[in-house]
Amino acid sequence: MSMIYEPAKKTVGELLGDVAKKTSVPDYQRDYSWTDNHVDYFWQDVIGFMRSHNEKSLPDAEYFIGSMVRVDKADGYELLDGQQRLATVVILLSSIRDSLSLLNSRASIKTQDRWIAEEDDRTAEKRYSLTLSTYDRDYFRRRIQEENGNPPAPATSSQKLIDAARKKVDGEIQNELKDLPDEKAREKWLLLLRDVVVNHVTTVTVTCASEQDAAGIFETLNDRGLGLSTVDLLRNFVLRRAGEPEREEIVSIWGEVLGESNTVDVDEFLRHYWTSRHGDIKSQRLYRAIRRHIEENNESSLLFMRDLGDAHAAYVRLLKPDFAENETNEDLQNIADLKAKMLYPLLLSGLTRGEERFHDLVRSALVFYVREAVVVKRNGSQLEKVVFAAASLLYGGGEVDQALSKLRYEASADAIFEASVNELKGLETAAARYVLREIEISMRNQEETDVARPPRIHVEHVYPQKPKAGERWEKHGDYVGKIGNLTLLSRRINTSIKNSNFESKKVELAKSELFITKEVAALPAWDQDAVDKRQKMLGSKIKELWSWPPATEQAMARFPSQGEV
């Protein structure tokens, strides 16, 4: 059946001022997500457009803000694409309304009634020009759409972004008004700004007869370079396929998934979810792969979403660990600190099977990553291939021991690892901080082992990266980045001595409560020989701390050729 849709150029004033049909954002859509940079970009475009036109050129001028997709329903329009832009327009209009209230009350009331919230004279019921999805709806009304709305403090990240956007626009408008000579000039400027926003900011709005047609439009726009996210495309695809009785549960699951967007990057989760089950796939091809799989297997949208929802709940636990074994929680936090995201598909496959032996999987995966990515520095795509194959193996019914054996078999030989440890240098800050922190904890034995995590702990180069004139070592490049030249501090060292020599810096280092740093401060001098000795000492710790766990060695004994393809 051919798609039924109507593309038309519309001003945002026409979209918001439609008396017969108001616009709403479905509950399964994302919350408000525009940051200060997005709002600033939008503001600068609007104000730049306004300044570039005079009274003669303005009537025929337009500022185009892109396409919008909506579904025509009996009780109004559902906005499927464009909610971030349209919500920001309403935020801007609300600021204009409040600024006008002290200068021209009639113009302020007109702004409110025509483009923000219309009030029924008989019932006093308000009809909002734009209704956001459930998580932002009430806050947006009280903070933005109601005059003197007395909103509560923003509770979620999206509400904080709404609040920040309004404050950003307020500040920009007041900054423009303060340079105008009198109230009449300020009133005239605000009315011109309102005219620009409602009559000259335009969109191409595609109005569809159904969500199925809208989904087809989404995919066409994406093919032509609009770059819609996988989650936007997938959400509309599964809803299009679902029967009416299933939609409420599907929408609810999407609400749970998108409601955790403060913690979880949803597009990243979708890639990890699919990879954990079907192997590696690049993000730009992910939607098509999922869609093809669902269609070819005639999989129910509801069953797919239930599986997705269960996986998402497990994924949240990986990022916010709450397991009974504290060692599991610590290792998962270490994986997060290292930004070792390639491990999540494997861990998701493991956790989907249950918590039995989950710690063995987490620990072995972390050891694999440190040895291969941090120390040996193997190519990331090579490592992903190994990890994703182990994930698919687990999801396909393989034993945990088979996955552990896969990691062990595909890892570099011990001799290569040990040689790399001896020359270890040039670590990224997150990796250096993690390695040194774990060494610090190991040195404490039975002492208190609560060592601060980032960002409260910092990596310090004992011999500085930018030494002062006359203090540069002959082999500066060989030594400055060595692990033996690095230590930790619970606070940043004073800038005035950061690039000074050891004699000047050791007083500050001695104030640290960290064993690994006290040992450095206690040395009589810091030279290339001192770095070499400390490199050897730290190297022996690294070999010990990231040796293969017994569970992995036992798995290798059970499945000695698991890694063969």
Side-chain angles (χ1 to χ4, degrees), residues 28 30-31 135 155-158 230-231 234-235 249-250 252-280 286 290 303-370 384 387-388 390-401 403-404 407 430 434 438 450 453-454 549 551-552:
Y28 55 82
R30 293 188 181 190
D31 305 335
Y135 298 105
T156 66
S157 64
S158 58
T230 298
V231 68
L234 183 60
R235 183 178 58 241
E249 184 176 346
I250 290 174
S252 175
I253 294 171
W254 275 120
E256 292 171 5
V257 170
L258 297 176
E260 284 283 353
S261 58
N262 297 344
T263 300
V264 177
D265 181 319
V266 183
D267 288 297
E268 192 168 69
F269 156 68
L270 285 174
R271 183 188 174 220
H272 290 162
Y273 161 75
W274 199 249
T275 300
S276 73
R277 284 148 168 72
H278 303 283
D280 190 19
L286 179 57
I290 297 176
L303 292 179
F304 169 79
M305 285 303 301
R306 284 173 176 170
D307 183 60
L308 185 75
D310 290 343
H312 183 266
Y315 195 81
V316 171
R317 291 189 73 196
L318 298 179
L319 301 184
K320 297 193 295 187
D322 60 354
F323 296 90
E325 291 181 287
N326 191 54
E327 294 87 352
T328 303
N329 299 327
E330 283 289 318
D331 282 342
L332 286 171
Q333 186 59 59
N334 289 333
I335 287 170
D337 289 347
L338 279 168
K339 300 179 176 59
K341 294 180 180 181
M342 70 170 66
L343 299 180
Y344 287 133
L346 173 59
L347 302 181
L348 186 57
S349 284
L351 189 54
T352 300
R353 296 168 59 100
E355 294 186 34
E356 185 178 356
R357 300 206 60 202
F358 182 60
H359 178 253
D360 288 341
L361 185 65
V362 173
R363 184 62 194 171
S364 296
L366 178 57
V367 168
F368 175 83
Y369 183 85
V370 173
E384 283 187 338
V387 173
F388 296 166
S392 294
L393 188 155
L394 262 183
Y395 182 74
E399 295 184 36
V400 171
D401 274 351
L404 301 187
L407 297 179
Y434 163 69
E438 290 299 299
D450 183 19
R453 288 187 176 275
T552 311

Side chains of [X] and [Y] in contact at under 4.5 Å (non-hydrogen atoms):
X: E384; Y: T275; value: no
X: N334; Y: Y369; value: no
X: I335; Y: L318; value: no
X: R353; Y: L361; value: no
X: L234; Y: I290; value: yes

Roughly how far, to the nearest 0.5 Å, is the [atom2] atom of [Y] from the [atom1] atom of [X]?
X: E438; Y: D337; atom1: CD; atom2: CG; result: 9.5 Å
X: Y315; Y: L308; atom1: OH; atom2: CG; result: 12.0 Å
X: S364; Y: H359; atom1: OG; atom2: NE2; result: 9.0 Å
X: D310; Y: I253; atom1: CG; atom2: CD1; result: 8.0 Å
X: T552; Y: R363; atom1: OG1; atom2: CZ; result: 9.5 Å
X: D331; Y: L343; atom1: CG; atom2: CG; result: 11.0 Å

Evaluate the side-chain contact (heavy atoms from CB on, under 4.5 Å) criterion for residues H272 and V264: first the C-alpha distance (whole Å), next the side-chain angles of each, then the deciding distance (0.1 Å), finally the verdict. CA-CA 11 Å; H272 290 162; V264 177; over 6 Å; no

Do E355 and R317 meet the salt-bridge criterion of a basic N to acidic O distance under 4.0 Å?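 Salt bridge: yes.
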
Classify the ring geometry of F358 against F323: parallel below 30°, tilted from 30° to 60°, perpendicular beyond 60°.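 Tilted, since the angle between the ring planes falls between 30° and 60°.
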
Return the orientation label for the F304 and Y273 ring planes: parallel under 30°, perpendicular over 60°, tilted otherwise.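 Rings of F304 and Y273: perpendicular, as their planes differ by over 60°.
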
Determine, stepwise, if the pair V362 / L332 fulfils side-chain contact (heavy atoms from CB on, under 4.5 Å). CA-CA 7 Å; V362 173; L332 286 171; 4.1 Å; yes

Please evaluate residues L394 and T352 with respect to the criterion side-chain contact (heavy atoms from CB on, under 4.5 Å), reporting the C-alpha separation (whole Å), side-chain torsions for both, the decisive distance (0.1 Å), and the verdict. CA-CA 9 Å; L394 262 183; T352 300; over 6 Å; no

